[in-house]
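Notes follow the structure.
Values in this document were obtained by computation on a predicted structure and should not be read as measured data. Values below: every heavy atom of this structure, side chains too, minus hydrogens, waters and symmetry copies. In what follows, chains are A, B, ... by sequence order, proteins preceding strands, each numbered from 1.
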Protein chains: 2
Amino acid sequence: MATIYDVARLAGVSPATVSRVFNGVGVSEEKVAAVRQAAAQLKFFPNRTARTLRRQSSEVIALVIPDIENPYFTEMARGVEDVASEAGFSVVLCNSDAQVEKEQTYLRIAIAEHMSGVILAAASDRTSLEEIMAAGRPVVAVDRGTGYDIDGVVMANRDAGRSATEQLIEAGYSRIAHIAGPEHIETAVERVDGWRTALAAHGLPADPGLLRFSSFRVDGGREAMEELLALPEPPDAVVAGNNLIGVGAIQVLTEHGLTPPAMGVAVVGSLPFTTLSPSVVTVVRLPARHMGVTAARMLLDRIGGDDQPARTIVLRNEIQAATVSR
Amino acid sequence: MATIYDVARLAGVSPATVSRVFNGVGVSEEKVAAVRQAAAQLKFFPNRTARTLRRQSSEVIALVIPDIENPYFTEMARGVEDVASEAGFSVVLCNSDAQVEKEQTYLRIAIAEHMSGVILAAASDRTSLEEIMAAGRPVVAVDRGTGYDIDGVVMANRDAGRSATEQLIEAGYSRIAHIAGPEHIETAVERVDGWRTALAAHGLPADPGLLRFSSFRVDGGREAMEELLALPEPPDAVVAGNNLIGVGAIQVLTEHGLTPPAMGVAVVGSLPFTTLSPSVVTVVRLPARHMGVTAARMLLDRIGGDDQPARTIVLRNEIQAATVSR
DNA sequence: ATGAAAGCGCTAACAC
DNA sequence: GTGTTAGCGCTTTCAT
């Protein structure tokens, strides 16, 4: 690999001048030409590691998410990436696999690699940001809060849980179960809250047996749905706590010949790649891409030196109601 | 941020000793203890940028894929990640968005950031690897070949196309269309080949109107399926060139009241998050995770200095036939 | 506008 | 086993 010195020698200038050419500051026309020509000839690309070491910062941001196989997060990632690359930043995607330890490792890498900032969908409410905050790197929380006083972008989760439930009530269902995500994740708890609120508002029972905490994954949805169906008095409808739970629940229902709307189904989150007709399942669409875009903008602002007090932005959902009921 | 010098001073040793402690070479028990204690107190983490600059290599590999929203690639990413992190490497995921220019940018970043190697699912047959190869960084191709003499892991695409088609033939369909991926992508072309072969072997027509080149995405599948249905003489079955095309095609069929098996459907690739019964659609399962695992192992071997001639590994598929026909 | 030179934080010879 | 020291390739004062 050619260095700045090789280019300088070939172009007959100093290393400093080569650096200036690549950083767009005042250099005379002729020298610019000479340097560019020499660089091309040597296939020179500036060594980013050296630049980062010298500058103590790099145009890279980290996006840490708990499940790279969940389309909700990849859609968000696209939003982040579009904004970041527009601004000349690269995004490195880190999959914490919902484990606090892995997450911690990635946060340390972000510090140690001089990344400019982090967008984080926390693995749990036990996530620690001490180190990264001590390092002075800006962090924006997405999807879930963190317990720290930092910027954040979240969905209107209570609303989402409530609307999903209300749609089922309006469609005439009355024994409405809820398969929620893990109890230690904020979004899950808030959606449960919405489900409770809606039931209470309509004088329906929130039978504890109808609430299942599960994982935010397909198998979690499957297991919980099986349990619900095995109940002495099964529900006649179910609210799925996220997209993957929805997929799992519907799979099980299909296997039992209870394809919606035989049993009512409402899902918080878009159904990824569904082949179902949109008329049979109520979906509360969560603007994942928009969340990514917003978070990236906030982070870039912070990187740019913005130091106003921390803000949290709550994104509104869009409901897409089933038109068919049983 | 504390440096190695700060730690050395506090622990009463030389910077070199601190370095040794963090790199696991012979240091006396007491000094190790002193250094660890000092490091903890100062919240010291080794600066990776500096280490990378010095060592001229970093324990990071890049995984460049054309569509981060496609579960096929994220599943593969998990495989890569599992192997890599086991070996102490981090993976940075780069989304080329199927654009050769973006891909080129990421490859340059990989060079400039001293990453140890790259796993690449090429955006197109025009992908250039000149620079990265000149930089001496190992590259392993996945999913698609590259036209360069490098290691690769690919699926048995012809087989996949052929098996998918034959399943439909055996189920009694005779006018079998194929919605393929882009014509400039190897995997797409090979699957077309398999489709042709199967039809020929059974004396069925490969009507040119029944072959549609499209994008490897849901909307590509949708458009092509609409076109096929609008034909004066529409097909009675269709082979989808990948998972997302399959989703799009089935969506359109459902909207037209032609849910499989009213029209036969076979998909090359697993249907992500499907809520359909497995009995109605034939699926050729592609071992995406395994592909990632294999590629990561090959890359790590190369990084470790392995210099045997380039190998290409072809992964076998598993067919999961529909049990219901019309 | 340009060059000389210092130094970012770490590692790896090389001495002892 | 441990310390000294010279860079890795770049940016950035400070002179000129």
Side chain to side chain contact (heavy atoms under 4.5 Å, CB included) involving B:Val32 - partner list, sequence neighbours excluded: B:Val21, B:Val27, B:Arg36
Less than 4.5 Å apart, any side-chain heavy atom of A:Ile4 and any of A:Phe22? no
Where does the chain A footprint on DNA chain D start and end, counting 5' to 3' with a 4.0 Å heavy-atom cut-off? D:dG9 to D:dT13
Distance-only side-chain donor-acceptor flag, B:Thr127 / B:Glu103, under 3.5 Å: yes
Within 6.0 Å of CZ in A:Arg217, more than 12 heavy atoms from elsewhere: no
Do A:Ile65 and A:Met76 come within less than 4.5 Å of each other through their side chains, counting heavy atoms only? yes
Hey, does B:Ile303 have a side-chain heavy atom less than 4.5 Å from the side chain of B:Phe89? yes
Summary of protein contacts for nucleotides 9-16 of chain C, nucleotide by nucleotide, where a base hit scores B, a sugar-phosphate-only hit scores S (4.0 Å, heavy atoms): BBBBB---
Does the side chain of B:Asn95 come under 3.5 Å of the side chain of B:Tyr106 through a donor N or O and an acceptor N or O? no
Tell me which pairs pass side-chain hydrogen bond (donor to acceptor under 3.5 Å, both in side chains) where either residue lies in residues 24-34 of chain A, with sequence neighbours left out. none
Terminal axis angle for the helix from C:dA1-D:dT16 to C:dC16-D:dG1, five pairs an end, nearest 10 degrees: 30°
Within the structure provided, determine whether A:Gln308 and A:Asp301 are in side-chain contact (heavy-atom separation under 4.5 Å). no
Mind checking what makes salt bridge (charged side-chain N to carboxylate O under 4.0 Å, His left out) contact with B:Arg9, not counting sequence neighbours? B:Asp6
